[in-house]
There are 2 protein chains.
Amino acid sequence: MADTKTRILDSAEVLFAERGVEATSLRAVTTNAESNLAAVHYHFGSKEALIAAVVGRRLRPVNEERLRELKKLNEKSSKPASLEELLEAYFKPAISTLDNSEQGSLLAKMMSRLFWESGGETRQLIVEQFSEVWEGFIRALRKALPELSTRQVISRFHFGIGVLIHALSQRGYEEDPKMPSILEKDPERQLAVLVAFVAAGFRAQVPERKK
Amino acid sequence: MADTKTRILDSAEVLFAERGVEATSLRAVTTNAESNLAAVHYHFGSKEALIAAVVGRRLRPVNEERLRELKKLNEKSSKPASLEELLEAYFKPAISTLDNSEQGSLLAKMMSRLFWESGGETRQLIVEQFSEVWEGFIRALRKALPELSTRQVISRFHFGIGVLIHALSQRGYEEDPKMPSILEKDPERQLAVLVAFVAAGFRAQVPERKK
DNA sequence: GTCTATAATGAGATAGAC
DNA sequence: GTCTATCTCATTATAGAC
């Protein structure tokens, strides 16, 4: 059996994803981890700090891989990276990490929840985790799409993030007949579909004025 | 001053959006509404019921307008409605309602939060509110895009919903330099940009197999 | 490091006067 | 319909034994 700290992290991750962060009590976390309330405070200090640890453990490797992929693209040749390459570099780490983890869809839901649920301190955490990655990708996307204004690039990049988050977080609801599954089963196809959709959106022409 | 019931709804809407539903206590709601705890239980019965009332009050008119617009498109001519017309019918009620309400961005955030935060009962509420609308739009979208499979239409429709939710919910963070504003100021342009992005995504060709 | 026991707080809900 | 006061319960956090 893993050590107490890890068991608490694992347990918290599952429960945060299933019920949401606010709705999950530390008691539920520790019971599930076959530990006790005091252990959380010994290892993490507070519930807020536990949340940060749970998020950081999963998000850090994803964003590190994104930066590595981006660096590879930037150094690869004198030509700027293409739109599709950049989107793939951004989406792939998220999709593959989620597939390799035993938690699977739960993790995706936890991340998307965190994105919205966070008020105040937790939001700060998210912004910090992402700011370097976003800056890097937006800079590269501007080079790939010189015909778009910076503002348009940022806007459409966020549209793409919205697609990713929504798609990932709807996993696990496949059983519901009212909410048919969104993503393909095969991770390679998932990635291809997402990249194709968002890339086409990036290249869309917006009509000048409404008729 | 509005009656107590309305003041409670207004207050709850603002606080739910700012802090999240779980994190908002009924005490905070009633203090803000210059009322008291008992009034919530008199008018609504429970916190869960209050949540449902807050959501329903805003969501119902939006979804009713969507269904009206869809009906208009279906009856307009013998030709099936175009992709752009359908997307506009879906997006416009959300954008214009949000602009007309004095709460503005708070309301958008409340909706997007609800979409994710909801575990169990509250999720049920969301699915019920949306199922008729989604069914109608997916049926119409299939006619507009006969070259796509039903599964692809559903998947891409949800991608579009992801874009809408994400875009709307990021309103109000404009002050943060790390998170530049996503949407145009002008609602007409917002709509045009969203429709163009999602329509292009719908029409994207997905490469058959990865190289 | 781990645990039991308990403190301190805040939550949703309710009774009953007005 | 509205309000104060209170009930009951669950939460985070901590003290202190081992």
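Below, chains carry the letters A, B, ... as their sequence lines are ordered, and counting in each starts from 1.
- Of the charged side-chain nitrogens involved, none lies within less than 4.0 Å of a carboxylate oxygen, so that B:Lys72 and B:Glu65 do not count as a salt-bridged pair.
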B:Val55 and B:Phe16: CA distance, side-chain angles, deciding distance, side chain to side chain contact (heavy atoms under 4.5 Å, CB included) verdict: CA-CA 10 Å; B:Val55 178; B:Phe16 287 171; over 6 Å; no

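- By the salt bridge (charged side-chain N to carboxylate O under 4.0 Å, His left out) test, B:Lys76 is found to be paired with B:Glu85, residues two or more places apart in sequence or in another chain being considered.
- Look at CD1 on B:Ile51: it is 15 Å from C1' on C:dA13, rounded to the nearest Å.
- Salt bridge status for A:Glu69 with A:Lys92: absent, with no side-chain N to carboxylate O gap under 4.0 Å.
- Judged by distance alone, with hydrogens and angles left aside, the side-chain atoms of A:Thr24 form a donor-acceptor pair with the main-chain N or O of A:Leu15 at under 3.5 Å.
- Using bins of under 30°, 30° to 60° and over 60° for the plane-to-plane angle, the ring pair B:Phe157/B:Phe137 lands in the parallel bin.
- For the pair A:Phe44 CZ and C:dG1 P, the interatomic distance rounds to 12 Å; values are reported in whole Å.
- Residues satisfying the ring pair (Phe, Tyr, Trp, His ring centres under 6.0 Å) criterion with A:Phe159, sequence neighbours excluded, are B:Phe197.
- Not counting sequence neighbours, B:Phe91 has no partner by the ring pair (Phe, Tyr, Trp, His ring centres under 6.0 Å) test.
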In sequence, state the C-alpha distance, the side-chain angles, and the governing distance for A:Glu132 and A:Arg66, and then conclude on salt bridge (Lys or Arg N to Asp or Glu O under 4.0 Å). CA-CA 10 Å; A:Glu132 186 187 353; A:Arg66 282 170 172 161; over 6 Å; no

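- Rounded to 10 degrees, the angle separating the terminal helix axes of the helix from C:dG1-D:dC18 to C:dC18-D:dG1, each built from five base pairs, is 0°.
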Would you list the protein and nucleotides 2-4 of chain C atom pairs, both N or O, that sit under 3.5 Å from each other?
residue: C:dT2; atom: OP1; partner: A:Thr4; partner atom: OG1; Å: 2.8
residue: C:dT2; atom: OP2; partner: A:His43; partner atom: NE2; Å: 2.7
residue: C:dC3; atom: OP2; partner: A:Asn36; partner atom: ND2; Å: 2.9
residue: C:dC3; atom: O5'; partner: A:Asn36; partner atom: ND2; Å: 3.1

Hey, what are the protein-to-nucleotides 8-11 of chain C N/O distances that come in under 3.5 Å?
residue: C:dA11; atom: OP1; partner: B:Ser25; partner atom: OG; Å: 3.4

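- Taking only side-chain nitrogens and oxygens, B:His41 comes nearer than 4.0 Å to OP1 or OP2 of C:dA13.
- Side-chain contact between B:Arg58 and B:Thr97 is absent, with no heavy-atom pair separated by less than 4.5 Å.
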